[in-house]
Visitor: 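One structure, as structure tokens, below. Some questions next.
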Amino acid sequence: MRAIGIDLGGTKIAAGLVDLDTGAVLRRTIIPSEGDKGPQVVMDRMADAARQVMEGKIVGVGVGAPGPVNYQGVVLWTPNLGGWKNIPVAPEMERRLELPTRADNDANLAAWAEYRFGAARPFASFFYLTISTGIGCGIVLNRQVWRGHHGWAGETGHMPVVRQGRKCGCGSYGCWETVASGTAIGRAGSEALGRPVDAKAIFQLAAQGDAEAQKVLDEAIDYVALGLTSLQKNFDLEAVIIGGGVSRAGDAFFIPLRQKTLGYLRHMVDEVIILPAQLGEEVGIIGAAALWT
Ligand code: ADP
Ligand code: ZN
């Protein structure tokens with residue numbers, strides 16, 4: 001069985017033809033989203049991208065959107081794509097492509113892709129986090145994505161963790177992603193070093209023994225651990241899978257994160273399972289198509 005997965009991002013639309021038995025992306029295209037032209041144009045472009053990769057019999061189309069999506073396939077809002085408020089993306093794409101279409105939030109779909117084809121295969125219930133520019137979260141409970149009552153469960157990056165903290169892109173203050181994302185590491189690093197650096201550079205400097213960079217990392221990773229601890233104290237799931245730019249730091253990120261999280265949870269458990277995501281940049285396409293599995 002094959003499905004089309006469409007990954008809508010702030011700047012790019014990626015679409016692929018996916019083999020649902022293996023998760024393999026058989027054909028693939030990437031085009032600019034042209035988000036400034038509004039949702040109707042973006043949806044026309046998504047349809048064009050889908051047509052480019054279409055081949056043979058297709059069970060359906062899946063769309064991953066960079067914001068919460070309700071049960072009717074309506075995008076409620078998007079922080080990084082202008083004019084998207086209550087846009088019925090699944091019905092609109094169904095009309096354009098004349099194929100059954102489902103839609104969900106991109107982090108939910110990445111969680112689902114990791115469950116079906118990646119690092120989360122052994123687990124029935126887990127958190128998936130993408131720690132990158134912001135923090136996205138997908139929650140799989142008993143082998144199903146938990147989407148919440150309205151459809152916006154997993155807005156975990158916007159858990160308030162700092163009282164009177166820094167203003168977040170969502171309009172609120174002191175959200176988790178203001179202290180624990182790649183952007184936050186870059187900003188804290190730039191302040192500490194007095195010159196512009198990004199998270200990747202901070203990891204490199206710390207690896208070379210830079211004490212200031214190491215301090216910035218310790219604090220940010222501690223904030224990641226605090227958030228994970230809050231999640232686990234509520235849900236006690238089997239594992240946490242982490243993808244996104246910051247996860248590419250590898251052991252320099254995961255080893256201290258496991259230590260710190262276990263430190264906070266030690267009175268409850270003697271092991272925490274925190275693993276890197278396995279699917280690469282095609283995770284969005286695979287997850288969207290996997291709405292049909
Ligand atoms: P994406 O395209 O997924 O948003 P980017 O590569 O643009 O990912 O990076 C997003 C964030 O992740 C940035 O803050 C960046 O500094 C950080 N990042 C990217 N690669 C690494 C790495 N190898 N180690 C640590 N942080 C990284
Ligand atoms: Zn926020």
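Each ligand, and each atom within it, is numbered from 1 in the order the structure gives. Computed from a predicted model, the values in this text were never measured in an experiment.
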Visitor: For atom 23 (N) of ligand 1, find the nearest protein heavy atom and state the residue, atom name and distance (0.1 Å precision).
Guide: R248 CB, 3.6 Å
Visitor: Between F253 and I242, does a side chain to side chain contact (heavy atoms under 4.5 Å, CB included) hold up when you go through it step by step?
Guide: CA-CA 10 Å; F253 175 68; I242 305 184; 4.1 Å; yes
Visitor: Starting from atom 15 (C) of ligand 1, which protein heavy atom do you reach first, and at what distance in Å?
Guide: A199 CB, 4.2 Å
Visitor: What part of T183, side chain from CB on, backbone N/CA/C/O, both or neither, has a heavy atom under 4.0 Å from ligand 1?
Guide: backbone
Visitor: Taking only heavy atoms of F203 into account, list the atoms of ligand 1 that are under 4.0 Å away from them.
Guide: 25 (C)
Visitor: Give, rounded to 10 degrees, the angle between ND1 (H158) and SG (C175) as seen from the Zn ion (ligand 2).
Guide: 120°
Visitor: Is any side-chain heavy atom of W112 closer than 4.5 Å to a side-chain heavy atom of D104?
Guide: no
Visitor: My question is simple, although I want it checked carefully: is atom 1 (P) of ligand 1 less than 4.0 angstrom from any protein heavy atom?
Guide: yes
Visitor: Is it the case that Y173 and R166 place a side-chain donor and acceptor less than 3.5 Å from each other?
Guide: no
Visitor: Tell me which protein heavy atom sits closest to atom 21 (C) of ligand 1, plus the residue, atom name and distance to 0.1 Å.
Guide: G245 O, 3.2 Å
Visitor: Rounded to the nearest 0.5 Å, how far apart are OG of S190 and CG of D198?
Guide: 8.0 Å
Visitor: Do K215 and E212 meet the salt-bridge criterion of a basic N to acidic O distance under 4.0 Å?
Guide: no
Visitor: To check your reading of the model: name the closest protein heavy atom to atom 4 (O) of ligand 1, its residue, and the distance in Å.
Guide: S132 OG, 2.9 Å
Visitor: Does R147 make a cation-pi contact with W152, if we ask for NZ or CZ under 6.0 Å from the ring centre and within 45° of the axis?
Guide: no
Visitor: Quick check on E191: does its CD atom have over 12 non-hydrogen neighbours (other residues, nucleotides or ligands) under 6.0 Å away?
Guide: yes
Visitor: Which of the numbered atoms in ligand 1 are under 4.0 angstrom from any heavy atom belonging to G182?
Guide: 14 (O)
Visitor: Does CH2 belonging to W146 count more than 12 external heavy atoms closer than 6.0 Å?
Guide: no
Visitor: Does at least one non-hydrogen atom of G244 fall below 4.0 angstrom from an atom of ligand 1?
Guide: no
Visitor: Would a 4.0 Å cut-off, counted as strictly less than, catch a protein heavy atom around atom 7 (O) of ligand 1?
Guide: no
Visitor: Can you name the atoms of ligand 1, numbered from 1 with element, that are less than 4.0 Å from a heavy atom of D198?
Guide: 16 (O)
Visitor: Quickly, which of Q52, R51, R45 forms a side-chain hydrogen bond (donor to acceptor under 3.5 Å, both in side chains) with D48? Name it, please.
Guide: R51
Visitor: Do any nitrogen or oxygen atoms of I131 come within less than 3.5 Å of a nitrogen or oxygen of ligand 1?
Guide: no
